[in-house]
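Here's the structure we're looking at; comments come further down.
In what follows, chains are A, B, ... by sequence order, proteins preceding strands, each numbered from 1.
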Number of protein chains: 2
Amino acid sequence: MEASQLSDLLKKNKTQCENLLKRRFFYTNSFEIYGGAAGLFDYGPPGCALKAQLEDLWRKHFIVFDEMLEVSCPCITPYSVLKASGHVDRFTDLMVTDLSNGECYRADKYLEDVIDCALSTLEGKNVADNVNAKNAALMQLGRDELQKLQNVVGNMTLEDVDSFIQQYGIKSPQGNDLSKPFPFNLMFETTIGPKKDQKGGTSSVVYLRPETAQGIFVNFGRLLESNGGKMPFAAAQIGLGFRNEISPRNGLLRVREFLMAEVEYFVHPENKTHARFHEFKHVSLNLLPKDTQERGEATLVSMTVEDAVNNKVIANEALGYFLARTALFLEKCGILKEGLRFRQHMSDEMAHYACDCWDAEILTSYGWIEVVGHADRMAYDLKAHSQAANVQLNASHRYPEPIVVEKVTPTYNRSLIGKTFKDKNAQLLRILDNLSQNEALQMEQELNATGQGIVKGDDGLEFVVTRDMLSFKVVKSVVCEETFTPSVIEPSFGIGRLIFCILEHSYKIRQAQKDQEERTYLALKPILAPTKCCLLPLSSKDIFNPLISKIQRHMNDLGLSYKIDSTGASIGKRYARTDEIGIPFAITIDFQSVNDGTVTLRERDSMEQVRLQSEEVGDVIADLIRGRTTWGDVTKAHPIFTQQEV
Amino acid sequence: MEASQLSDLLKKNKTQCENLLKRRFFYTNSFEIYGGAAGLFDYGPPGCALKAQLEDLWRKHFIVFDEMLEVSCPCITPYSVLKASGHVDRFTDLMVTDLSNGECYRADKYLEDVIDCALSTLEGKNVADNVNAKNAALMQLGRDELQKLQNVVGNMTLEDVDSFIQQYGIKSPQGNDLSKPFPFNLMFETTIGPKKDQKGGTSSVVYLRPETAQGIFVNFGRLLESNGGKMPFAAAQIGLGFRNEISPRNGLLRVREFLMAEVEYFVHPENKTHARFHEFKHVSLNLLPKDTQERGEATLVSMTVEDAVNNKVIANEALGYFLARTALFLEKCGILKEGLRFRQHMSDEMAHYACDCWDAEILTSYGWIEVVGHADRMAYDLKAHSQAANVQLNASHRYPEPIVVEKVTPTYNRSLIGKTFKDKNAQLLRILDNLSQNEALQMEQELNATGQGIVKGDDGLEFVVTRDMLSFKVVKSVVCEETFTPSVIEPSFGIGRLIFCILEHSYKIRQAQKDQEERTYLALKPILAPTKCCLLPLSSKDIFNPLISKIQRHMNDLGLSYKIDSTGASIGKRYARTDEIGIPFAITIDFQSVNDGTVTLRERDSMEQVRLQSEEVGDVIADLIRGRTTWGDVTKAHPIFTQQEV
């Protein structure tokens with residue numbers, strides 16, 4: 001299937017699929033009986049089981065497989081940590097308010113809506129009620145210009161948004177004037193402990209974490225120690241994140257509380273490799289690099305990770321390794337290959353901490369959605385915490401053999417410097433100590449040539465230093481190891497978003513057959529299915545009970561979840577009900593079972609059945625779920641069964 | 001072992017055990033590099049894995065086993081929900097503050113400390129620095145009176161605390177006057193969405209949930225529907241809870257953010273039974289009923305659940321069922337039998353929503369600690385939400401056969417009532433509609449006898465009604481089903497507390513042998529062990545690599561977590577390191593392995609080893625973890641191996 005066909009199919013199935021998910025309580029808006037709470041969702045029994053299975057699969061695929069160090073840190077995070085990480089100052093969305101009624105709008109999304117509206121009006125379509133469609137100035141632009149605006153509006157600065165609103169006279173949906181745009185911090189803030197700070201202090205101010213990553217960074221020292229000091233290594237965390245979205249929407253796709261699963265791979269900044277890269281270098285990915293996008297194109301490039309790294313499309317091996325591992329994980333989850341692409345961030349859309357980003361985007365009925373971010377965060381976070389907490393967050397690398405290094409080292413005439421610069425003395429020395437090798441050598445040349453040099457201080461200060469105050473010399477020394485602040489490569493999964501994508505990609509319709517009606521089912525991978533198996537006695541007669549109990553005990557021993565459906569409904573109806581919530585296997589107990597202890601086992605997608613001994617059915621299902629055997633093997637080992645007696 | 005011996009042992013091992021847990025990064029105070037945050041903890045790799053295993057075991061033991069409906073709801077909870085549940089008004093601790101410096105104290109814990117201090121001083125012991133020991137008035141009381149005070153101080157009302165402070169002139173640790181006690185709400189409060197309420201509105205006020213239970217209660221309707229309308233049934237949730245403790249202490253035992261696992265069993269209020277009670281009625285429990293405690297005794301009564309229910313020690317079967325299931329779960333977790341008791345709450349210590357409570361208490365180095373609460377919450381919550389949200393939260397029960405019921409039904413002369421009581425007319429009718437059967441019949445008699453009757457209205461109003469306004473008649477009708485608000489039996493687990501108890505109960509010391517030093521290890525149950533297996537090549541020579549890779553792949557296929565320790569340390573030292581973090585099995589690859597493909601498998605607690613084929617070692621370990629085979633069986637099937645070559 002082409003991506004465009006898949007997109008049409010997802011859009012066509014959207015309402016029906018959402019109805020199924022709500023009706024079978026996969027998830028629902030939280031606190032429904034109180035009118036609901038925007039951006040918060042409850043997972044019902046099947047959704048919750050799917051979430052638990054997905055978490056388990058993620059843990060095995062990433063943490064166990066790569067021997068990552070898993071941590072679990074609190075959601076409540078002190079001000080000082082998130083101040084240092086940059087979230088207090090920069091974790092914001094631009095907001096505009098209606099100056100008449102005070103309603104708030106997320107600026108980029110609102111402008112997107114306004115442009116969409118103009119585009120739709122141009123095309124003669126109906127437009128949504130909640131957007132001010134009558135924007136005369138925008139309507140005078142042609143289709144192409146509007147499309148161009150649509151592409152950039154998501155990455156505009158405050159000034160850009162402001163002048164956009166001014167230029168086109170954008171009003172609120174009610175036609176009122178809008179405020180100037182201003183940044184709105186997305187973190188939930190509360191206070192900890194019995195005492196609140198007086199006069200704007202921050203010691204009792206805490207936030208709900210916007211990402212789990214910070215808990216890993218602040219533990220870097222202990223983690224490195226846990227790893228016996230060895231680099232590189234990865235740490236991971238599965239846990240909740242919180243964002244006070246200005247206007248949550250699109251169901252599970254933009255919410256205010258969500259489960260994340262994040263990996264932080266700590267690696268040498270100049271050697272971003274991965275020891276197991278060779279095992280996955282042949283994985284082929286659909287890529288959308290930034291230069292393609294900057295040319296205004298959306299054509300995917302399909303190449304192996306190895307080629308992408310060699311051709312510098314993907315910046316380094318470590319990033320390539322995780323892109324490949326993510327692709328394999330999403331395949332295990334049942335994400336369709338044509339509905340997956342890896343899109344590189346353009347320079348103006350990167351988070352404040354990142355230098356390169358690739359999003360795994362999945363095609364949904366809402367379009368392509370970012371589900372996994374892969375960011376090269378450099379040493380941004382470790383350096384920020386190191387400085388704020390005044391703690392070394394470094395690793396070291398032992399050279400195979402000691403090496404001789406040349407280092408430019410200063411010699412100061414401290415008393416002269418002190419006398420000359422008095423209370424600015426310490427500032428000057430700090431700056432001199434932190435000069436790069438090149439800067440120091442340049443200064444030395446300048447001092448030799450002119451007898452003086454200029455050092456730029458804080459806040460525009462300039463220090464004029466003279467030859468007699470300092471000199472720089474190249475000193476040779478033997479070094480056994482190098483100390484460095486590691487770079488971080490971060491794959492970050494939005495589990496709720498992934499669940500939504502899995503459900504949409506699993507939604508299937510069985511064409512109506514003979515006298516039956518069209519039936520829908522969820523082709524969830526057995527490993528993720530909320531319930532692994534259904535036990536169906538042909539009728540609710542007591543004679544089936546001993547065999548049911550026996551199979552039940554076996555299922556419990558194997559830790560396999562099951563449902564028993566002994567209602568009077570026809571066996572076909574009961575299969576349909578189990579198919580709808582994605583139960584991959586059904587065991588039917590019929591009259592023959594009572595006589596010879598055999599049961600039938602039905603596979604959901606093929607609807608084929610085999611007949612086998614009730615003692616072995618649990619193990620067969622366990623093997624099928626684990627992937628130790630296939631349904632094809634099962635149909636070869638056991639006789640196919642074609643019709644249930646009634 | 002006796003409980004008192006266990007207690008001594010735990011206290012003796014306390015510091016050493018805590019050091020081990022910190023050193024191996026089971027857990028640590030959060031945000032350590034920023035000076036730490038009180039009441040918040042990070043789980044490091046082994047602690048985090050233990051938590052994940054425990055969660056999985058809980059899910060299988062409770063949810064899968066009893067086909068419970070699992071849900072997952074957000075932590076962020078609107079004001080209206082927690083107002084209805086009583087938490088906004090009543091989820092408080094009493095606080096006192098130092099009137100000179102503003103320091104805050106949790107009243108009950110502070111008074112306990114003060115009394116402890118007086119007791120210790122009486123006994124000539126050193127007293128803690130942070131408590132004002134020099135309380136002359138308290139010191140004049142004898143030991144027995146102080147002990148008596150100590151027993152009641154935890155359950156004192158605001159007035160009791162106030163007069164206690166007055167009577168004994170209790171001061172702050174710094175010797176300053178204390179404020180009057182006042183209730184401090186323990187919920188973290190924040191606001192949701194971009195707009196804050198004006199003038200004290202509550203629509204944007206949200207709290208971090210203090211328990212997961214409320215998410216289940218507000219979903220009762222959907223859950224009942226998911227269960228096909230059948231009663232009784234259980235729902236469950238594993239998730240975070242938050243309490244802004246006034247003074248967190250005792251490590252993982254009193255924290256501000258914690259993982260909970262809660263079951264809500266919905267059952268008919270007059271028939272609190274459980275279908276599988278008979279399977280567990282022979283489980284024997286150590287009980288501490290409330291009447292024993294009220295007599296001031298602490299002697300445990302050991303009896304089967306069946307006897308306890310029959311003798312009305314435990315109020316009903318459903319409660320008994322869950323006490324038994326909890327006991328079995330804790331045994332699976334490695335909690336020592338002599339360190340477990342079930343203590344019934346006394347009437348004055350019950351939460352605002354409960355009518356009966358049994359705590360599973362586990363013996364720790366801090367004494368007996370509540371780890372699992374078992375509360376009969378009656379229909380308190382469902383009724384509260386039903387009223388506040390104006391939604392029916394009822395279930396129905398179909399009678400085996402229709403029954404005839406007699407119901408007292410009113411007939412009104414509405415026009416006369418309207419004319420007589422005008423705007424109070426509706427109030428009167430509401431009250432009459434809600435009279436109980438008895439009250440209605442009494443009213444009818446009174447009207448017959450005297451021609452008039454008095455109805456009490458709101459705010460002291462009285463209505464005088466007359467014979468011509470109304471009559472009550474007994475009407476017979478055939479009823480097929482009964483509608484009722486279910487009662488709720490709730491087992492509620494504190495997972496963090498349980499982890500602490502498991503670790504303390506698993507901490508063991510191996511007596512020093514020959515030339516070795518004393519060694520400590522964690523005898524964690526294999527099913528819970530953070531890492532299931534260690535791979536130890538005899539040396540770091542390359543010849544061992546192919547076999548290691550092969551076993552590694554097998555472990556990955558089986559989803560078994562492992563560590564490889566190929567450091568140069570002696571095999572004994574490496575065993576000691578794996579024992580310390582509770583790894584139950586170690587596979588050693590030696591020179592013989594390279595020749596014949598066999599490896600040795602070592603069991604942690606017995607330190608015994610067998611020699612077996614490398615192909616089968618993964619499956620043997622998987623079976624040992626699952627409990628499908630025992631170590632005894634393994635030693636019978638494979639030759640015992642006694643000494644590793646070096």
Study note, to complete from the structure: Assert top hit (heavy-atom pairs under 4.5 Å, partner chain A, pool B:Val391, B:Ile246, B:Ile192) equals B:Ile192
Check your understanding: Would you say the side-chain atoms of B:Asn29 pair up with the backbone N or O of B:Glu32, donor to acceptor, closer than 3.5 Å?
Key -> no
Practice item. Tell me, for B:Val218 versus chain A, whether the close heavy atoms (under 4.5 Å) come from the side chain, the backbone, both or neither. Key: both
Review point. Do A:Asp42 and B:Val71 touch side chain to side chain, with heavy atoms closer than 4.5 Å?
Key: no
Check your understanding: Is there a side-chain contact between B:Asn244 and B:Arg256, using heavy atoms and a 4.5 Å cut-off?
Key -> yes
Point to revise | Any donor-acceptor N/O pair, B:Arg209 side chain to B:Cys73 backbone, under 3.5 Å | key: yes
Practice item. Decide side-chain contact (heavy atoms from CB on, under 4.5 Å) for A:Arg106 and A:Glu245; before the verdict, give the C-alpha distance in whole Å, the side-chain angles of both, and the deciding distance to 0.1 Å. Key: CA-CA 9 Å; A:Arg106 182 169 149 186; A:Glu245 294 282 355; 3.5 Å; yes
Check your understanding: Just by modelled atom types, is the B:Ile76 backbone N or O under 3.5 Å from a matching donor or acceptor in the A:Glu257 side chain?
Key -> yes
Revision key, fill the gap. Honestly, the part of A:Gln552 sitting under 4.5 Å from a heavy atom of chain B is side chain
Check your understanding: Do B:Asp56 and A:Lys60 sit within salt-bridge range, that is, some charged N less than 4.0 Å from a carboxylate O?
Key -> no
Practice item. Measure distances from B:Asn390 to the heavy atoms of chain A and classify the residue's part below 4.5 Å as side chain, backbone, both or neither. Key: neither
**Study point:** Best-contacting candidate, A:Ser72, A:Ala389, A:Ser386, against chain B by heavy atom pairs under 4.5 angstrom
**Key:** A:Ser72
Practice item. Quick one: sort the A:Trp58 and A:Phe62 rings into parallel, tilted or perpendicular, breaks at 30° and 60°. Key: tilted
Revision key, fill the gap. Okay, B:Ile63 and chain A: the region with an atom under 4.5 Å from a heavy atom over there is neither
Practice item. Mind ranking A:Ala84, A:Ser561, A:Gly193 by heavy-atom pairs under 4.5 Å with chain B and telling me who comes out on top? Key: A:Gly193
Check your understanding: Out of B:Pro78, B:Pro46, B:Gly44, B:Ser247, which one racks up the most heavy-atom pairs below 4.5 Å with chain A?
Key -> B:Pro78
Check your understanding: What part of B:Leu560 gets closer than 4.5 Å to chain A, counting heavy atoms only: side chain, backbone, both or neither?
Key -> backbone
Revision key, fill the gap. If you tally heavy-atom pairs under 4.5 Å between each of A:Gly39, A:Ser30, A:Ser80, A:Ala37 and chain B, the highest tally belongs to A:Ser80
Practice item. Tell me, out of A:Gly228, A:Cys104, A:Pro74, A:Ala388, who's got the most heavy-atom pairs with chain B below 4.5 Å. Key: A:Pro74
Review point. Under a 4.5 Å heavy-atom cut-off, does chain B meet the side chain of A:Arg626, its backbone, both or neither?
Key: side chain
**Study point:** Contact winner vs chain A - B:Cys75, B:Gly627, B:Ala235, heavy-atom pairs under 4.5 Å
**Key:** B:Cys75
**Study point:** B:Phe184 portion near chain A, given a 4.5 angstrom heavy-atom threshold
**Key:** side chain
**Study point:** Under 3.5 Å donor-acceptor, B:Thr97 side chain and B:Gly102 backbone
**Key:** no
Study note, to complete from the structure: Of B:His385, B:Lys51, B:Met95, the largest count of non-hydrogen pairs under 4.5 angstrom with chain A goes to B:His385
Check your understanding: Picking from B:Phe41, B:Phe258, B:Tyr27, which has the most non-hydrogen pairs under 4.5 angstrom with chain A?
Key -> B:Phe41
Review point. Heavy-atom distance under 4.5 Å to chain B: side chain of A:Lys22, backbone, both or neither?
Key: both
Review point. Take atom CD in B:Gln387; do more than 12 heavy atoms of anything else shown fall under 6.0 Å from it?
Key: no
**Study point:** Side-chain touch B:Leu223/A:Phe25, heavy atoms, less than 4.5 angstrom
**Key:** yes
Point to revise | Winner by heavy-atom pair count (cut-off under 4.5 Å) against chain B, out of A:Val64, A:Ile33, A:Leu69 | key: A:Ile33
Point to revise | Flag, side chain of B:Ser179 to backbone of B:Val96, donor-acceptor distance under 3.5 Å | key: no
Study note, to complete from the structure: Whatever's closer than 4.5 Å to a heavy atom in chain B on A:Leu393 counts as side chain
Review point. Of the listed residues (B:Arg222, B:Glu67, B:Glu70), which shares the most heavy-atom pairs with chain A below a 4.5 Å separation?
Key: B:Arg222
**Study point:** Under 4.5 Å from any heavy atom of chain B - which part of A:Ala236
**Key:** neither
Review point. Would a distance-only check, ignoring hydrogens and angles, find a side-chain to backbone donor-acceptor pair under 3.5 Å from A:Asp93 to A:Asn185?
Key: no
Practice item. Please look at B:Arg628 and chain A and tell me whether the side chain, the backbone, both or neither of the residue comes under 4.5 angstrom of a heavy atom of that chain. Key: side chain
